[in-house]
Structure formats: structure tokens, C-alpha cells
Number of protein chains: 2
Amino acid sequence: MPRVGLSREKLIEAGASLADREGFAAVTLAALARQFEVKLASLYAHVRNSEDLKTGIALLALDSLADRADAAVSGRAGKEAVAALAEVHRRFAADHPGLFEATRFPLNAEQAAGSGGMRLARAMRAALRGYGLSEADEVHAVRLLGSFFLGFSLLELGGNFAHSQPAPDLSFTRGLEALDATLKTWVKS
Amino acid sequence: MPRVGLSREKLIEAGASLADREGFAAVTLAALARQFEVKLASLYAHVRNSEDLKTGIALLALDSLADRADAAVSGRAGKEAVAALAEVHRRFAADHPGLFEATRFPLNAEQAAGSGGMRLARAMRAALRGYGLSEADEVHAVRLLGSFFLGFSLLELGGNFAHSQPAPDLSFTRGLEALDATLKTWVKS
DNA sequence: GTTTTTTGCCTAATATCATTAGTTTTTATG
DNA sequence: CATAAAAACTAATGATATTAGGCAAAAAAC
């Protein structure tokens, strides 16, 4: 019986593709075993357990998002950079809901420290450079923007904006304008 | 064999309690069957399936959150009301993470229309009354605030603010101040 | 009170997913 | 070529979920 030639990387890649096509919940060890035409137990030679596989997919998804964020803020600052970054988040969530969901898989501190999540925070700080905030205020602003990006995408994906007008596009734009305005005149303590 | 006296309401209540104690993921038909000392298949006389049960729990959790929101904005408007509402969201998420997660369970349009989620939106609009926004701008603001509340709680619960200073409390306060400032001078199109 | 109907709970079966321990076979290494 | 390492398999186990049919408790009807 020749070996199929599985590897951890292959499983993670295939898992991410499956997440993108059918949603993160469709990613199971059983599904991947079927895809590679091996017995399920064979996968344990390459991943510790289901959670280990999903962690790998989450890290890959975060890196994918971070790549796009880095590209978006490159050569930009201030309002333009923030808007570009916001667009990246929203487009990623809308175009790749399965991968977006994967980015939300819980990671431990060590995993998070080396992840695309940190790169995202750096891209956000780079985008905020044009606002001239202090170091502490920059963190507050990163958290404010990060919360808005995440919350908006989740609410939109969940259909929360589907039952009322105006269209979400406009709310997104107006929300960014409001945030830009307040960043320009950041309140002092 | 005397009947245990199960009912749909009892199962939903017990499920919500279990979610609160051990997290939403711990809520399974099997777990509830054990708790009531009946065979799992018996539960199907009261709920259609696992999703039906979880939908019921989600609606109960949303109502619980909405009750707190209504109480918080009662007799308040403007900055004070928004801050109280924000606190309710954040406290609920932090004190009842299992129930908070339940509120995020997907609902169809009909279920959502009659849910505590609509009451939350109303409480939000009531809180915004003090800012004198137009009807359309009010929707944008509801979505901006709702996104921030949800996003902040999720990031905080996920440990995203655990690896850096300043403490999340301060970021939350400063974020609200920034949002208050921009609501006061809402950008015109 | 008795009889009939409804409905709650159980049994049996089935399906799916996940994990572990040990075995066999393939591939890599010396 | 022989040996060791590792990939893939087998068997077993455990957990969750759902369906169909049967039995008996409780409710409804007489």
C-alpha cells in the first residue's frame, strides 16, 4: 500500500480550503480523511487532535488576513489607511466567511503572540500614525477600531442589518467617518 | 413509570442555567437528559431537535440582556444612557459568558424579529435620543455602537487585551468618550 | 367511576464524529 | 541489505444526535 503522502501542512491547507467552501464547521477530521481517501485514525500521525488541526487553520487564516492588511496600509496613513484597513476586514469577512470564522478560533497566549493577529495590530497602529496619538491613546484607538471592525462584520454576517434601512454600506462609511472625526480630535483625559 | 414532568420551558431554562455554569458548548441534549434522569430520546417529545433547543436558549438569553438594557436606559438619555447601556453589554458578557455566547446563536428572520435583539435596538435608539440625530443617522449610530459593544466584549473575552497595557477598563471608557464626542458632532454627508 | 384517547418516556437501531492502542507496511537511514 | 522510523490500518471505545415504534401514565370523554 503506497503512502498517500500526508503532512501537517497539507491537512491544514485542505482544512482551510474546506472552511472557505463550506464553512469552518464543516472542517472535521472525518471530512479530511474522506477527502484524502485514508482512514480517519491516520490523520493522528500528523495532527495531535481536532483542536490542533483547527488551531493550525486559524493561524493560517489570520496570516491571510494580515497579509491583506499589510498590503492595504502600505504607503498609506491616516484616514485613507484606516479606511483601507476597514475595507480589508469587511471584505475578508464577506468573501471568506468560513476563514473569517476560523480567525475567531480561541488561541492560547503563546500561539496568539506569534500569529497574524499581532501583525494586524501592527498594521492598525501604522494606519493610526497619521493621527498623532500618544502611545497609550494609540492602544485605545486600536481597540476601538478593532472592536468596530469585528463587531460590524459579525453583525452584518449574522443578518442583523438585513431587516432595516439604510443599507450597511452606508452605515459602514458613516461609521468610519465618525471614527475618523473623533480620532482627529481625540478626547484628552 | 411516573412521568418526570418535562416541558419545553423546563428544558430551555435548564439549558440556559447549564450554559451559564459551564458554557454554551456544554449544552447538549445528552447533558440535559442526564440532568433530568431520562433517556435522551425522551427530550424529542418537547423539542424538535438540538437546534430548536439552542434557539430557545438564545431567545431567553437575548431577553435577559434586553431586560437589563431596558432597566439601564430607563430615565436616562444621551451620554449617560449610552454609557449605562455599554456597561450592561460588557458586564453581561463578562459575568455570563455562556449566555452571551448563546445570544450569538444564529436565528432566522422571523425569530429575530420577535426577539430581545429588537428590544436592544430600541433601547439603543432611546439612549441616542439625547444626541438629536436624524432618523437615518440614528440607524448608523445604532450600528456603530452595537458593533463596538459586541466587538469589544468578544475581543476582551477572547483574551485579546490580556497581553498589553493599558487595562481594558480604560480603553472602554476612552472608547465611549470618543464615541460620545463624535455623536455630539455627527458628521454630515 | 370507567373507558378511550393523548402524550410522555423507553427501547432499539442507526449515523456521525473523535480518540486510543496496537499492528502492519512503507520509506528512510546506515 | 538490514534496521529503524514513521505512516497508514485495524479494532475498540466513547460521545452526541435522530428516528420509528411500543408501552404506560395522564388527560379527556362518557
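Chain letters run A, B, ... following the sequence lines, proteins first, then strands; residues in each count from 1.
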(request) Run the salt-bridge test on B/Lys54 and B/Glu51 with the 4.0 Å N-O cut-off and return the result as yes or no. (result) no
(message) Students often get this wrong, so: under 4.0 angstrom with heavy atoms, is A/Ala41 touching a base, only sugar-phosphate, or nothing?
(response) base
(message) Please pick, from C/dC10, C/dC17, C/dG8, the nucleotide with the shortest atom-to-atom distance to any side-chain atom of B/Ala45.
(response) C/dG8
(request) Ignoring the backbone of B/Leu6, work out which of C/dC9, C/dA18, D/dT16 is nearest its side chain. (result) C/dC9
(request) Calculate the interatomic distance between A/Leu53 atom CG and C/dC17 atom C1'; express it in whole Å. (result) 13 Å
(message) Between A/Phe152 and A/Phe161, is there a side-chain heavy-atom distance shorter than 4.5 Å?
(response) yes
(message) Whether A/Asp70 and A/Arg122 form a salt bridge (side-chain N of Lys/Arg under 4.0 Å from carboxylate O of Asp/Glu) is what I want to check.
(response) no
(message) Walk me through whether B/His96 and B/Phe92 qualify under ring pair (Phe, Tyr, Trp, His ring centres under 6.0 Å).
(response) CA-CA 5 Å; B/His96 304 280; B/Phe92 188 78; 5.5 Å; yes
(message) Measuring from the side chain of A/Pro2 (C-beta onward, heavy atoms only), which nucleotide among D/dA26, D/dA17, C/dT27 has the closest atom?
(response) C/dT27
(request) Grab the CD-C1' distance between B/Glu51 and D/dT16 for me, whole Å please. (result) 16 Å
(message) Expressed as a whole number of angstroms, how long is the span from A/Lys39:NZ to C/dT19:C1'?
(response) 17 Å
(message) Distance check needed: C/dA15 P versus A/Arg34 CZ, whole Å only.
(response) 14 Å
(message) Can you tell me which nucleotide in D/dC9, C/dC9, D/dT16 comes closest to the side chain of A/Ser42?
(response) D/dC9
(message) Please pick, from D/dA17, C/dA18, C/dC10, the nucleotide with the shortest atom-to-atom distance to any side-chain atom of A/Tyr44.
(response) C/dA18
(request) Take the protein atom NE2 of B/His46 and the nucleotide atom C1' of D/dT19, then report the distance between them rounded to whole Å. (result) 17 Å
(message) Regarding A/Leu40, tell me which of base, sugar-phosphate or nothing describes its non-hydrogen contacts under 4.0 Å with the strands shown.
(response) base
(request) May I ask you to decide whether A/Arg90 forms a salt bridge with A/Asp169, counting only side-chain N to carboxylate O separations under 4.0 Å? (result) yes
(message) Given C/dT27, D/dT18, C/dT19, identify the nucleotide with an atom nearest to the side chain of B/Asn49.
(response) D/dT18
(request) Indicate, with a heavy-atom threshold strictly under 4.0 Å, whether A/Arg48 touches base, sugar-phosphate, or nothing. (result) nothing
(request) Please determine if a side-chain N or O atom of A/Arg3 lies less than 4.0 Å away from the OP1 or OP2 oxygen of D/dA5. (result) no
(request) Return the value, rounded to whole Å, for the distance between atom CG of B/Leu29 and atom P of C/dC17. (result) 18 Å
(request) Whole angstrom is fine here: how far is it from CG in A/Leu32 over to P in C/dC17? (result) 11 Å
(request) Using whole Å, report how far CD of B/Glu37 lies from C1' of C/dC10. (result) 15 Å
